[in-house]
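Worksheet: the structure to be examined is printed underneath.
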2 protein chains.
Amino acid sequence: MDLESELRVHDLRVTTPRRLVWQVLSESADHLTAQSIFEKVNAVDAAVNRSSVYRTLSLFAEIGLARESKLGEDEASRWEPAHADDEIHLVCESCDSVLHHSGDVVRSLRSHLGDHHDFEARAVEIVVRGRCATCGPAPASESTSEPSPAS
Amino acid sequence: MDLESELRVHDLRVTTPRRLVWQVLSESADHLTAQSIFEKVNAVDAAVNRSSVYRTLSLFAEIGLARESKLGEDEASRWEPAHADDEIHLVCESCDSVLHHSGDVVRSLRSHLGDHHDFEARAVEIVVRGRCATCGPAPASESTSEPSPAS
DNA sequence: GTCGGTGCAAATAGTTTGCATTAAG
DNA sequence: CTTAATGCAAACTATTTGCACCGAC
């Protein structure tokens with residue numbers, strides 16, 4: 001996706017913070033916190049301020065370049081490039097990885113809600129918490145409410 | 001659901017804040033913010049402190065009585081009694097109402113992920129934003145998501 | 001009487017904002 | 001040259017925490 005033209009379309013200026021935030025966002029597949037985006041940006045150009053990162057992220061969200069999601073893992077919002085609008089987040093509670101999956105589930109949910117419930121779905125956000133393929137099936141002995149084994 | 005016995009099972013004391021928070025939670029079908037729960041509780045017993053409400057809510061979440069969800073409407077978390085674990089939130093962007101819908105969508109999503117993606121789903125959280133039956137189909141002209149580039 | 005739970009106030013985390021300055025167009 | 005965008009610092013919101021006291025058991 002071309003940041004510059006995307007910005008110009010909206011009569012917005014192409015600035016260093018915007019270029020760097022976009023670079024960080026699109027280079028990492030992960031769901032980054034504003035904080036970590038700031039750190040990465042800051043590592044490249046220390047002059048960029050934290051608030052510019054926040055302002056840039058909100059701006060990107062407004063013009064549809066980025067997307068904010070509160071995955072609920074912790075308190076902070078996570079950011080990612082906006083690609084697919086309907087997307088499932090598979091959060092592995094064991095290894096903390098976040099997989100993406102966009103399939104027909106969203107499509108069928110959409111039509112189901114429209115047909116049977118008169119609800120016109122615009123944005124569908126699905127977060128599934130569980131265990132990914134790598135971490136295998138549920139462990140026999142694990143305290144269910146174990147928040148994070150990472151201590 | 002019986003708060004007192006639920007607490008006793010976990011060797012927890014039955015206190016005024018806990019009783020009141022539970023009362024508020026179970027009486028209102030809505031998704032309440034901690035703030036509004038505090039207000040309602042406080043209206044009944046002004047001695048109850050805000051932090052007790054927060055502590056109580058986390059406690060309820062831990063023992064499975066309540067459930068926190070970041071609906072993303074605003075910054076604050078929303079709380080509700082824990083009833084159905086798998087539940088769809090239908091958020092109407094027009095009238096701000098939140099409908100609940102727990103059906104087979106979650107069940108089929110679960111099995112789909114298990115069968116085709118080796119992902120063992122534990123908790124499924126679905127938030128659909130759109131327009132509810134009452135508000136009808138999409139309006140022709142509305143400046144809902146106006147990307148306001150600060151004038 | 002014991003100690004888990006509370007009220008209070010202060011701290012923290014994440015994010016936002018007012019304003020003077022800078023740099024994109 | 002104009003004014004959008006930035007850097008900075010301070011403000012704000014939601015939530016958490018340390019500690020002394022209180023009340024459930």
Side-chain angles (χ1 to χ4, degrees), chain A residues 3-22 31-42 44-63 65-79 147, chain B residues 3-22 31-42 44-63 65-79 147-151:
Chain A
L3 174 66
E4 309 222 349
S5 49
E6 200 65 32
L7 286 173
R8 294 227 170 80
V9 164
H10 294 274
D11 274 314
L12 297 166
R13 295 183 180 174
V14 182
T15 66
T16 304
R18 287 173 185 173
R19 232 190 299 263
L20 291 180
V21 167
W22 182 244
H31 297 72
L32 302 171
T33 59
Q35 172 64 24
S36 67
I37 294 172
F38 166 65
E39 282 163 8
K40 286 171 197 285
V41 165
N42 205 247
V44 179
D45 184 344
V48 176
N49 191 268
R50 176 182 272 97
S51 48
S52 296
V53 171
Y54 277 104
R55 280 189 279 232
T56 299
L57 287 171
S58 322
L59 181 78
F60 284 1
E62 274 174 22
I63 63 179
L65 282 178
R67 182 192 243 269
E68 180 180 13
S69 63
K70 305 182 189 284
L71 287 187
E73 299 158 336
D74 52 16
E75 331 74 40
S77 288
R78 301 286 173 148
W79 294 86
Chain B
L3 174 67
E4 309 222 347
S5 49
E6 201 66 31
L7 286 174
R8 293 227 170 77
V9 164
H10 293 273
D11 274 313
L12 297 166
R13 295 185 179 171
V14 182
T15 67
T16 305
R18 288 172 184 173
R19 233 190 298 263
L20 292 180
V21 167
W22 182 244
H31 296 73
L32 303 171
T33 59
Q35 172 64 26
S36 67
I37 294 173
F38 166 65
E39 281 163 8
K40 285 171 197 285
V41 165
N42 205 246
V44 179
D45 183 344
V48 176
N49 190 268
R50 177 182 271 97
S51 48
S52 296
V53 172
Y54 277 104
R55 281 188 279 232
T56 299
L57 287 171
S58 322
L59 181 78
F60 283 2
E62 273 174 22
I63 64 179
L65 282 178
R67 182 192 244 266
E68 180 180 13
S69 63
K70 305 181 189 282
L71 287 187
E73 297 158 336
D74 51 17
E75 331 74 40
S77 288
R78 301 286 173 147
W79 294 86
S148 48
S151 41

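We name chains A, B, ... by the order of the sequence lines, and we start the count at 1 in each one.
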- line: Out of C:dG5, D:dA14, D:dG7, minimum distance to the side chain of B:Thr15 belongs to C:dG5
field: d(CD, A:Glu4; P, C:dA24) in whole Å
entry: 12 Å
query: So, is A:Asn49 near the phosphate of D:dC8, with a side-chain N or O under 4.0 Å from OP1 or OP2?
result: yes
- prompt: A:Tyr54 has an atom OH; how far is it from atom P of D:dT6, in whole Å?
  reply: 16 Å
field: Spatial distance of atom CZ (B:Arg78) from atom CZ (B:Arg67) [nearest 0.5 Å]
entry: 15.5 Å
task: Look at A:Ser51 and C:dT16 and indicate whether a side-chain polar atom (N or O) is within less than 4.0 Å of OP1 or OP2.
output: no
message: Between D:dA4 and A:Arg13, counting only base atoms on the nucleotide and side-chain atoms on the residue, is there a donor-acceptor pair under 3.5 Å?
response: yes
task: Would you kindly give the CZ-to-P distance between B:Arg50 and C:dT6, to the nearest whole Å?
output: 16 Å
- prompt: Is the closest side-chain heavy-atom distance between A:Leu57 and A:Val53 below 4.5 Å?
  reply: yes
message: Taking any heavy-atom pair under 4.0 Å as a contact, classify A:Ser77: base, sugar-phosphate, or nothing.
response: sugar-phosphate
Atom-to-atom span, CD1 of A:Ile63 to P of D:dA5 - whole angstrom: 10 Å
task: Select from B:Leu12 and A:Thr56 the residue whose nearest nucleotide in DNA chain D is closer to the 5' end of that strand.
output: A:Thr56
- request: Between B:Val14 and B:Ala34, name the one whose nearest nucleotide on DNA chain D is closer to the 5' end.
  value: B:Ala34
For B:Ile37, the option from B:Thr56, B:Val21, B:Leu20 that meets side-chain contact (heavy atoms from CB on, under 4.5 Å): B:Val21
message: Of the listed nucleotides (C:dG25, C:dT17, C:dG7), which one gets closest to any side-chain atom of B:Pro17?
response: C:dG7
field: Spacing between B:Arg18 atom CZ and D:dC22 atom C1', to the nearest angstrom
entry: 14 Å
field: Validation row: B:Leu59, B:Leu65 side chains within 4.5 angstrom (heavy atoms)
entry: no
query: Among C:dG25, D:dA14, C:dG7, which nucleotide sits nearest the side chain of A:Arg8?
result: C:dG25
query: How close or far is atom P of D:dT15 from atom CD of B:Glu68, stated in whole angstroms?
result: 7 Å
- request: Starting from P on C:dG14, measure out to CD1 on A:Ile37 and report it in whole angstrom.
  value: 13 Å
field: Per A:Arg55 side chain, nearest of listed nucleotides D:dT15, C:dC19, C:dT15
entry: C:dC19
message: The test is side-chain contact (heavy atoms from CB on, under 4.5 Å); show your working for A:Val14 and A:Trp22 and say whether it passes.
response: CA-CA 11 Å; A:Val14 182; A:Trp22 182 244; over 6 Å; no
field: B:Glu62 CD - D:dT16 C1' separation (whole Å)
entry: 14 Å
